[in-house]
Peer 1: 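Sharing a structure here in structure tokens format.
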Amino acid sequence: MKAGETPTRELVRDPMAFTDRVTPDARDGWPVEAGRYRLVINRACPWAHRVNIVRRLMGLDEAISVAITDPIQEDIDGDAHWVFTEKTGSPGDKDPVLGIHALREAYLARRPDYTGGVSVPGLVDIPTGHLVSNDFGQLTIDFGIEWASLARPGSPVLYPAEHRAEIDALNEVVYRDVNNGVYRSGFAPHQESYDRAVTALFARLDELEDRLTGQRYLVGDTITEADIRLFTTLVRFDAVYHGHFKCNIRKLIEYPALWAYARDLFQTPGFGDTTDFDHIRWHYYYVHSAINPTRVVAAGPDPRAWLTPHHREDLGGRPFGDGTPPGPPLEPVPPLA
């Protein structure tokens with residue numbers, strides 16, 4: 001659905017159009033190689049955020065450079081596009097490495113006849129300017145496994161073999177009811193579809209609250225893919241999903257375990273230091289003009305609450321397992337104020 005367009009049917013996401021994988025054996029034609037690829041993200045987008053978190057946790061900051069688009073999409077030929085602008089650090093409104101203004105240029109470089117949607121994240125091959133993948137789900141898995149030879153010493157195991165079946169099953173229902181559920185609520189075309197989506201969303205949040213009351217992380221005693229995928233929705237919940245998307249049966253701060261769990265992750269290196277609340281608020285409130293026609297951007301809530309004590313360490317657990325936290329980010333976000 002285009003930015004500003006009023007929904008006429010329930011939200012159904014199109015399959016990812018570019019799903020090549022970067023692997024050590026280059027089986028899809030793309031080898032693991034430091035400095036060859038550029039990850040295009042927007043800090044407002046939860047799907048891009050999760051990939052950037054994994055990039056940080058694995059210490060791939062230097063091996064895979066990052067390009068950050070403006071939070072406000074630009075209308076190009078009637079479609080909303082992710083673009084680079086000077087106000088977000090791109091001289092001449094072009095990414096200094098890829099030399100493009102809009103991410104769609106990388107899509108068209110790869111497939112000139114492409115007419116589908118353009119989404120972030122996008123992994124782009126720098127030498128050719130071709131988009132390699134926009135498959136946000138596979139990118140996080142591959143950054144944690146296929147890129148292991150370039151990962152930092154002490155990088156965590158985010159998709160442990162012994163827990164993969166449980167992680168996959170949990171990710172499936174969290175995606176359906178929570179990650180995508182907030183969008184299905186916000187873009188519901190009629191009351192019945194909204195009621196279905198918002199009911200499923202809060203039923204799943206209630207289950208997650210119960211699950212996290214007695215354990216620090218979703219699966220096992222360390223941070224995994226499951227935590228990363230849930231976090232990027234939770235960190236946006238009260239700021240935009242609760243009001244803007246009408247997910248207002250409860251706020252995140254009204255869930256004792258979920259709110260403490262989210263703060264625990266936020267205060268863990270790789271999570272809060274990749275979260276930009278200004279980008280989040282400006283993108284959602286300004287771009288979705290069908291939902292917010294005045295484009296007035298909400299002021300709150302105060303993000304400093306994310307820095308308050310959570311006491312989740314009392315439950316035990318080891319955030320990085322046998323590993324260590326990542327160092328300071330190469331692309332720091334503005335401090336909370």
Peer 1: If you measure from the Lys or Arg side-chain nitrogens to the Asp or Glu carboxylate oxygens, is any gap between D314 and R216 under 4.0 Å?
Peer 2: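 Salt bridge: no.
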
Peer 1: Determine whether a donor-acceptor pair (N or O, by modelled atom type, separation under 3.5 Å) exists between the side chain of H49 and the backbone of T274.
Peer 2: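 Yes: the side chain of H49 pairs with the backbone of T274.
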
Peer 1: Which distance, rounded to the nearest 0.5 Å, do you find between the CG of D177 and the OG1 of T233?
Peer 2: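 With rounding to 0.5 Å, CG (D177) is 11.5 Å from OG1 (T233).
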
Peer 1: Between D276 (side chain) and I280 (backbone), is there a donor-acceptor pair under 3.5 Å?
Peer 2: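 No: the side chain of D276 does not pair with the backbone of I280.
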
Peer 1: Would you find a donor on one side and an acceptor on the other, under 3.5 Å apart, between the side chain of E209 and the backbone of L258?
Peer 2: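 Yes, E209 side chain to L258 backbone: donor-acceptor pair under 3.5 Å.
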
Peer 1: Per the ring pair (Phe, Tyr, Trp, His ring centres under 6.0 Å) rule, what does the pair list look like for residues 50-84, sequence neighbours excluded?
Peer 2: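 Passing the test, one end in residues 50-84: W82-H283.
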
Peer 1: Before accepting this row, confirm whether a basic side-chain N of the pair K87/D70 lies closer than 4.0 Å to the acidic partner's carboxylate O.
Peer 2: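 Result for this pair is yes, salt bridge flagged.
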
Peer 1: Are more than 12 heavy atoms from other residues, nucleotides or ligands located less than 6.0 Å from atom CH2 of W282?
Peer 2: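 Result for CH2/W282: open.
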
Peer 1: side-chain contact (heavy atoms from CB on, under 4.5 Å) between V333 and F277: does it pass, once the steps are laid out?
Peer 2: CA-CA 9 Å; V333 298; F277 285 108; over 6 Å; no

Peer 1: Test of understanding: with side-chain hydrogen bond (donor to acceptor under 3.5 Å, both in side chains), list the residues that count as partners of R27, not counting sequence neighbours.
Peer 2: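 For R27 the side-chain hydrogen bond (donor to acceptor under 3.5 Å, both in side chains) partners, ignoring immediate neighbours, are D25.
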
Peer 1: Does the N179 side chain pair with the main chain of R229, one donor and one acceptor, at a distance under 3.5 Å?
Peer 2: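 Present.
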
Peer 1: With the threshold set at 4.0 Å, does a side-chain nitrogen-carboxylate oxygen contact exist between E207 and R204?
Peer 2: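 Yes.
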
Peer 1: Can E331 and R55 be counted as an ion pair, charged N to O under 4.0 angstrom?
Peer 2: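 Answer for the salt bridge query: yes.
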
Peer 1: Atom CZ of F271 and atom CG of D264: how far apart are they, to the nearest 0.5 Å?
Peer 2: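 Between atom CZ of F271 and atom CG of D264 there are 9.0 Å.
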
Peer 1: Inspect the contact between D77 and R104 and indicate whether a charged nitrogen and a carboxylate oxygen are less than 4.0 angstrom apart.
Peer 2: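 Yes, R104 and D77 are salt-bridged.
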
Peer 1: For the hydrophobic clusters of this structure (ILVMFWY residues joined by side-chain heavy atoms under 4.5 Å, transitively), does one cluster hold both W147 and I126?
Peer 2: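 In one cluster: no.
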
Peer 1: Any chance you could measure L139, atom CG, to N134, atom CG, to the nearest 0.5 Å?
Peer 2: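 Output value for this atom pair is 8.0 Å.
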
Peer 1: Nearest 0.5 angstrom please: N171 CG to E166 CD, how far?
Peer 2: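 Here the interatomic distance stands at 10.5 Å.
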
Peer 1: Considering only NZ, NE, NH1 and NH2 on the basic side and carboxylate oxygens on the acidic side, decide whether R250 and D206 come within less than 4.0 Å.
Peer 2: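 Answer for the salt bridge query: yes.
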
Peer 1: Do H288 and F187 make the cut of ring centroids closer than 6.0 angstrom?
Peer 2: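 Here the rings of F187 and H288 have centres that are less than 6.0 Å from each other.
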
Peer 1: Under the ring pair (Phe, Tyr, Trp, His ring centres under 6.0 Å) rule, collect the residues that match up with F18, sequence neighbours excluded.
Peer 2: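 For F18, the residues satisfying ring pair (Phe, Tyr, Trp, His ring centres under 6.0 Å) (neighbours in sequence not counted) are Y107, Y114.
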
Peer 1: Does NZ or CZ of R304 fall inside the cone over W306's six-membered ring, less than 6.0 Å from its centre and within 45° of the axis?
Peer 2: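 Pair R304/W306 does not count as cation-pi.
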
Peer 1: I'd like to know if the side chain of R21 reaches the main chain of D142, judged simply by a donor and an acceptor atom lying under 3.5 Å from each other, with no hydrogens or angles considered.
Peer 2: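 Between the backbone of D142 and the side chain of R21 there is no qualifying donor-acceptor contact (under 3.5 Å).
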
Peer 1: Could you check, using the six-membered ring where one of them is a Trp, whether Y241 and Y284 have ring centers closer than 6.0 angstrom?
Peer 2: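 Yes: the rings meet the under 6.0 Å criterion.
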
Peer 1: Using side chain to side chain donor-acceptor pair (under 3.5 Å) as the criterion, point out the one residue from H130, Q138, R110 that pairs with D20.
Peer 2: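 Only one option passes, and that is R110.
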
Peer 1: Between R176 and E172, is the closest basic N to carboxylate O distance under 4.0 Å?
Peer 2: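 Here E172 does not pair with R176 in a salt bridge, since their nearest N and O are not under 4.0 Å apart.
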
